2 protein chains.
Amino acid sequence: MRGYDKHAYEPFAVTVDLAVFTLRADALHVLLVERGQEPYAGRWALPGGFVRPEESAETAARRELAEETGLTDVTGPYLEQLRTYSEPGRDPRMRVVSVAFAALLPGPPEPRGGSDAAQARWVPCDEARGLAFDHDRILADARDRVGAELEHTCLATAFCPAEFTLGELQRVYEAVWGTTLDRPNFRRKVLATPGFVEPVPGAARLTGGRGKPAALYRAGPAAALRPPLLRTPREGHPA
Amino acid sequence: MRGYDKHAYEPFAVTVDLAVFTLRADALHVLLVERGQEPYAGRWALPGGFVRPEESAETAARRELAEETGLTDVTGPYLEQLRTYSEPGRDPRMRVVSVAFAALLPGPPEPRGGSDAAQARWVPCDEARGLAFDHDRILADARDRVGAELEHTCLATAFCPAEFTLGELQRVYEAVWGTTLDRPNFRRKVLATPGFVEPVPGAARLTGGRGKPAALYRAGPAAALRPPLLRTPREGHPA
DNA sequence: CCTCTTTATAGTCGCACTGACTATTAAGGG
DNA sequence: CCCTTAATAGTCAGTGCGACTATAAAGAGG
């Protein structure tokens, strides 16, 4: 079916949808926009928009990310294609195929509403339900994917600012996985993985509040985490 | 950019491309079709075609898979969405967005050419180069993905018939990864993973050639492989 | 028939990683 | 000045895995 005669295919509208994650108060949040138009007017949805004729889906996703968050550094934030949603009827008006992306932001800027979005807001992931279109499904898939990637990639640093403590890194894992981790073991694992994190050379130490000041680290060059850091199904850390 | 006014978007053609893998003579093969039309007439390409208006990409992929291989059991073979390729200019004539899939077949049937494909052929993966469009890239991505999934899923059984020996299963890993594995260790790992394989209850044994007959196993209910079966970078097994 | 080759299966040994846990250090708060 | 909090250091045992040896059961070839 590679023939391109004019009756061989129907045109589709192609959009991107973004699951933009960040950590606020040690909880995983996702960026949502309130829809201003029908369908689903007044409902919350993942930010997104149409892919323009001269764009790839990746380019469109970066553009939408910049528009929605107000970020100027479009090359910076981690952005990854997830999968494409193409069920007929997922948009009640027309045939829309949507390429979903996940983005990870460190310091979450206050969102500024996009051109036609009534408003944009960070919402705790667990409270984001009843979204427009099939965005509940997309968000769940995105969260699963990010959680799985934490296990065998060094992706967690994408949630952290340029310099961070091991405690902050651990809280990324705990927020995404919804578990608690043993601190000494987490520390041992991260430091034993070459290239995961690099100590900031100066005796730089950060004090955010109480307790012993923690050493600062930067993200290292490694991308994979071998052997992986598996989440063990367990209930809670015995205090 | 969720406004749907008529100037907000341009229509795209949406296609699916399939990387159909199987094992022939202990080597990973991929199904290719020879293009009969311009562009890239006479060149080899991944099978694929347009998504029809009433179809999802998954449905279209199953349809194309059945058309290209002549398989009637469309629910059977493992099929997984990989990612979407949307670079402008990837098709010289028009704006085409393609959703790529990987399919895994056990007993490889002889391919029958699709409607407009001059012919279809199983080609050893290592010899499949110079494909049409961006299919070299898609094929490489698909192979990487399948190789990675063998590490932490029970996907390998999708390459095997309903009943298989552990030696056959091991050859799947060796063909996809391009390595050799230690047989006793592989065996220990597979049997120690609950739900990966189940012994065929009868004293059923298969003799395909020389050597001691091997016990037969079926694919078990497990999908994940935890802890994973990591490929260790090494050169070759000391005979 | 006997031996060699081939493949499957059983088991051993030691190292590396990890989960669970204890101890010590260095800050801030009352 | 003590208590709390958080970071860091270290211990110990169990598990998983790489490397390796040994045995069993078939066919091939003389």
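The model shown is predicted, which means the values in this text are computed figures rather than measured ones. Here is how names work: the chains are called A, B, and so on, in the same order as the sequence lines, proteins then strands, and each is numbered from 1. The basis for the numbers below is simple: all heavy atoms, side chains too, and nothing from hydrogens, waters or symmetry mates.
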Is it true that B:Asp17 and B:Arg137 have a side-chain N and a carboxylate O under 4.0 angstrom from each other?
no
Is there a donor-acceptor pair under 3.5 Å between the side chain of B:His152 and the backbone N or O of B:Leu225?
no
Here's one to test your reading of the geometry: is the NZ or CZ of B:Arg35 within 45 degrees of the ring axis of B:Trp44 and under 6.0 Å from its centre?
no
Closer than 4.0 Å, any side-chain N/O of B:Thr232 to the OP1 or OP2 of D:dC17?
no
Ignoring hydrogens and angles, answer whether the base of C:dG11 and the side-chain atoms of B:Arg188 contain a donor-acceptor pair closer than 3.5 Å.
no
In whole Å, what is the span from the CG atom of B:Leu230 to the C1' atom of C:dA16?
13 Å
Nearest to the side chain of A:Pro227 - D:dA25, C:dT18, C:dT6?
C:dT18
Could you tell me if A:Ser86 and B:Ser56 have a donor-acceptor pair between their side chains, going purely by distance under 3.5 Å?
no
Separation of C:dC13 atom P from B:Asn185 atom CG, nearest Å, is 15 Å
Residues in contact with DNA chain D, drawn from residues 190-197 of chain A - heavy-atom cutoff 4.0 Å:
none
d(CG, B:Asp182; P, C:dA10) in whole Å
15 Å
Expressed in angstrom and rounded to an integer, what is the separation of A:Leu216 atom CG from D:dA6 atom C1'?
14 Å
Given atom CG of A:Leu181 and atom C1' of C:dC17, what is their separation to the nearest angstrom?
16 Å
To the nearest angstrom, the NZ-C1' distance between A:Lys189 and C:dA16 comes to 11 Å
Side chain of A:Pro213 only, heavy atoms from C-beta on: which candidate in D:dA7, C:dA26, C:dT9 is closest?
C:dA26
Residue met sooner reading DNA chain D from 5', once B:Leu229 and B:Pro184 are mapped to nucleotides
B:Leu229
Between D:dA9, C:dA8, C:dT25, which nucleotide has the shortest distance from any of its atoms to the side chain of A:Lys212?
C:dT25
Using the ring-ring contact (aromatic ring centres under 6.0 Å, His included) rule, collect all pairs that involve residues 160-181 of chain A, keeping only residues at least two apart or in two chains.
A:Tyr173-A:Trp177, A:Tyr173-A:Phe186
Can you tell me which nucleotide in D:dA9, C:dA10, C:dC21 comes closest to the side chain of A:Arg187?
D:dA9
OP1 or OP2 of C:dA8 versus the side-chain N and O atoms of B:Arg183: is any pair under 4.0 Å?
yes
Interatomic distance where CZ belongs to B:Arg171 and P belongs to C:dT7 [whole Å]:
8 Å
Acceptor/donor pairs from residues 123-130 of chain A side chains to any protein atom, 3.5 angstrom cut, sequence neighbours excluded:
residue: A:Asp126; atom: OD1; partner: A:Arg143; partner atom: NH1; Å: 2.9
residue: A:Arg129; atom: NE; partner: A:Asp126; partner atom: O; Å: 3.3
residue: A:Arg129; atom: NH2; partner: A:Asp126; partner atom: O; Å: 3.3

Length of the line joining B:Asp26:CG and C:dT7:C1', which is rounded to integer Å
13 Å
Between A:Tyr85 and A:Asp141, do the side chains contain an N or O donor and an N or O acceptor separated by less than 3.5 Å?
yes
